[in-house]
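Here the structure is laid out as structure tokens; the discussion comes afterwards.
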Amino acid sequence: MNNLVLMLYSDDEASTALELACNLKDPYRQKFISKLTVEQLKNSNTPVWLYYLGYTYHYSKDYEKAISIYEKLNQMDPSSVVYCNIAKCYNAMGMYENGLEAVNAALNMDPDYYSAKEIKTQLLYSLGRLSEVVEIWDGIVAEYPAFADGYLYRADAKRYLDVQGAIDDYSTAILLGDSISYLYLSRGDLYKLKGNAVLANADYNKVIELEDTPEKYYCIYFAYQGLGQNDKAVEIMDSVIAKDTLDAGSYYNAACLYARMGNKEKSLSCLKTSFEKGDTYSYHVECDFDLQSIRDTEEYKKLVEEYREKQRNSDVLKPQENSDDNDLPNDGSVSEVPFTKDGGVCKVKCSINDLPLYFVFDTGASDVSISLVEANFMFKNGYLSKKDVIGSQNFVDANGDVTVGTVINLKNVTFGGHNLTNVRASVVRNQKAPLLLGQSVLGRLGRIEIDNKNSVIKIKN
């Protein structure tokens, strides 16, 4: 416990210490928080200790305490990053208006802060203000026309306002990015809505092709339903729920699946279970195409009103997640990524699925590589799931030794203004293996130059 606190005094080790600390269970978590509180009192003029304390509460999902700490921090040293954390916490709690107030404060401080813009679109979407969501993504797409996620997120809002416009955006995202089954499913559903069964079925079959093992199941059951294979869809949905009966999201997906099939009773039962297991009510529930068949039932109206009322009554004031590394991709001819030297290697600040980390920048490594320690932390705290596991593979290290590693898919890797989706990575079964940023990321960027004099890595696009 003392070692973790000592690590927080080192810039290079602080993020690792926080990752490990947030994985602690009570009573050890409480002991760590007590030690942090003591350090904060001893260093009352140093805001970073309040940040560490808020971060620990946040990643322990104690959002109310995290909010109160983050607000104290903003009183000492106002920060757009901390306001974004507050907005994310509110979002996680389903308190969207409060989150919108916090994210607007972040944008008032830094109008170009990409993470704040993205969080704002999430909050506006949950409030049903879809035209405003589209407007924000219009601006981002205009500035960064090669950013695939911009088209995806804009399409998610457009699908309720402009079906053909949403189809065009999903198609552009597919052309710009890797094959993501969700994109094909969403476009297939819209093709079906427009009566184009040929194109819809082609997209549904593409989903099934991409999700070819249970570890990759994400929306395959919807694809089978779209193709009219309801029994197969239910079989897979049941297997997904059986793997994690506590996952509220799986029950929501089941509610959508049964609603698409016209089984209103089963759909309502699953929707109720998803709320009971932690799903928060949002506008998405009221506009989701998949739930159309149950929306006019008295049971649905009563259920939604019940949970809407619960959120209105849980009137707390405050935050969420750390995302100071979620910058927007830079499409200029040359971008510069700062690095620090540690033991003769370049360390780069980045984030994986919104988790802040430091990677060794290694042009000789083939993949992104993370250690078993980091992988276990990410799995236990929701940054990775079973769906992200691709399989296993043998790896040869620099000494010529063969080790077995797990191959995973990272939904999002962000560093130095670059945001990449669906990055292949390996988990090496070695507790002390360094975190390597290899060619599976570098090869997608451009020409790499290391400027040791200015401690920056230059990426020429």
Side-chain angles (χ1 to χ4, degrees), residues 121 125 130-131 133-134 137-138 140-142 144-237 240 249 252-263 267 284-295 387 390 409 411-412 420-422:
T121 63
Y125 182 93
L130 301 183
S131 59
V133 174
V134 172
W137 284 113
D138 281 346
I140 294 173
V141 166
Y144 300 93
F147 182 35
D149 280 359
Y151 296 94
L152 186 162
Y153 297 138
R154 184 170 70 177
D156 282 346
K158 270 188 179 181
R159 63 186 299 166
Y160 302 104
L161 304 171
D162 173 13
V163 172
Q164 186 57 51
I167 289 174
D168 293 343
D169 273 355
Y170 283 130
S171 298
T172 303
I174 289 170
L175 288 172
L176 289 173
D178 292 330
S179 291
I180 303 172
S181 56
Y182 168 78
L183 288 170
Y184 289 98
L185 176 75
S186 299
R187 189 175 68 174
D189 284 345
L190 295 182
Y191 279 139
K192 188 173 184 178
L193 187 67
K194 293 192 73 175
N196 194 329
V198 174
L199 292 179
N201 289 346
D203 277 349
Y204 292 145
N205 280 309
K206 183 65 175 180
V207 173
I208 294 168
E209 175 191 326
L210 291 170
E211 299 186 16
D212 55 355
T213 63
E215 291 74 21
K216 296 179 183 178
Y217 288 169
Y218 178 69
C219 55
I220 188 171
Y221 28 81
F222 293 130
Y224 275 116
Q225 184 277 327
L227 291 168
Q229 300 180 42
N230 289 352
D231 290 344
K232 184 67 174 177
V234 171
E235 177 189 338
I236 294 177
M237 187 75 257
V240 170
Y252 180 81
N253 287 339
C256 292
L257 176 64
Y258 286 115
R260 287 165 70 123
M261 291 165 50
N263 189 335
S267 176
H284 180 70
V285 178
E286 291 195 40
C287 69
D288 195 331
F289 283 155
D290 293 338
L291 297 177
Q292 218 162 7
S293 68
I294 65 170
R295 206 161 280 129
K387 298 173 185 175
I390 298 172
N409 178 61
K411 294 186 182 72
N412 182 272
L420 301 177
T421 57
N422 291 328

4.5 Å side-chain heavy-atom contact, [X] and [Y]:
| X | Y | result |
| --- | --- | --- |
| S181 | Y184 | no |
| Y153 | T121 | no |
| V234 | M261 | yes |

How close do [X] and [Y] get, counting heavy atoms only, and between which atoms?
| X | Y | result |
| --- | --- | --- |
| D290 | A259 | O-CB, 3.0 Å |
| N201 | G226 | OD1-O, 4.2 Å |
| A148 | L176 | CB-CB, 3.7 Å |
| C256 | D288 | SG-OD2, 3.7 Å |
| M237 | N253 | SD-C, 4.1 Å |
| Y160 | L130 | CB-CD1, 3.6 Å |

Residue pair I208, L227: steps toward the side chain to side chain contact (heavy atoms under 4.5 Å, CB included) verdict: CA-CA 11 Å; I208 294 168; L227 291 168; 3.5 Å; yes
Looking at residues at least two apart in the chain, or sitting in another chain, which of them share a salt bridge (charged side-chain N to carboxylate O under 4.0 Å, His left out) with E209?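 So E209 forms a salt bridge (charged side-chain N to carboxylate O under 4.0 Å, His left out) with K206.
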Please check this pair: side chain of [X] against backbone of [Y], looking for a donor-acceptor N/O pair closer than 3.5 Å.
| X | Y | value |
| --- | --- | --- |
| Y218 | E215 | no |
| R295 | F289 | no |
| Y151 | P145 | yes |

Only one of L257, L210, I180, L185 passes side chain to side chain contact (heavy atoms under 4.5 Å, CB included) with C219, and that residue is L185
In Å and rounded to the nearest 0.5 Å, what is the CZ to CG distance from R260 to L291?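 Interatomic distance, R260 CZ to L291 CG, rounded to 0.5 Å: 10.5 Å.
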Measuring from Y221:OH to E211:CD, what's the distance to the nearest 0.5 Å?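 The CD atom of E211 is 7.5 Å from OH of Y221, to the nearest 0.5 Å.
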Derivation of the side chain to side chain contact (heavy atoms under 4.5 Å, CB included) call for F222 and V207: CA-CA 9 Å; F222 293 130; V207 173; over 6 Å; no
Y204/D189 under side chain to side chain contact (heavy atoms under 4.5 Å, CB included): CA gap, chis, key distance, verdict: CA-CA 8 Å; Y204 292 145; D189 284 345; 2.7 Å; yes
Answer with yes or no whether the side chains of Y191 and D203 bring together a donor and an acceptor at under 3.5 Å.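 No pair is found: no donor N or O on one side chain lies under 3.5 Å from an acceptor on the other.
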Report all side-chain donor-acceptor pairs from residues 166-175 shorter than 3.5 Å, counting only partners two or more places apart or in another chain.
residue, atom, partner, partner atom, Å
D168, OD1, Q164, NE2, 3.0
D169, OD1, R154, NH2, 2.9
D169, OD2, R154, NE, 2.6
D169, OD2, R154, NH2, 3.4
D169, OD2, K158, NZ, 3.4
Y170, OH, D156, OD1, 2.5
Y170, OH, R159, NH1, 3.4
S171, OG, I167, O, 2.9
S171, OG, R187, NH1, 3.0
T172, OG1, D168, O, 2.9

Considering residues, nucleotides and ligands other than D212, do more than 12 of their heavy atoms fall under 6.0 Å from its CG?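 Atom CG in D212 is crowded, with more than 12 foreign heavy atoms closer than 6.0 Å.
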Under the criterion side chain to side chain contact (heavy atoms under 4.5 Å, CB included), I'd like the reasoning laid out for L152 against W137: C-alpha separation, chi angles, the key distance, then a yes or no. CA-CA 10 Å; L152 186 162; W137 284 113; over 6 Å; no
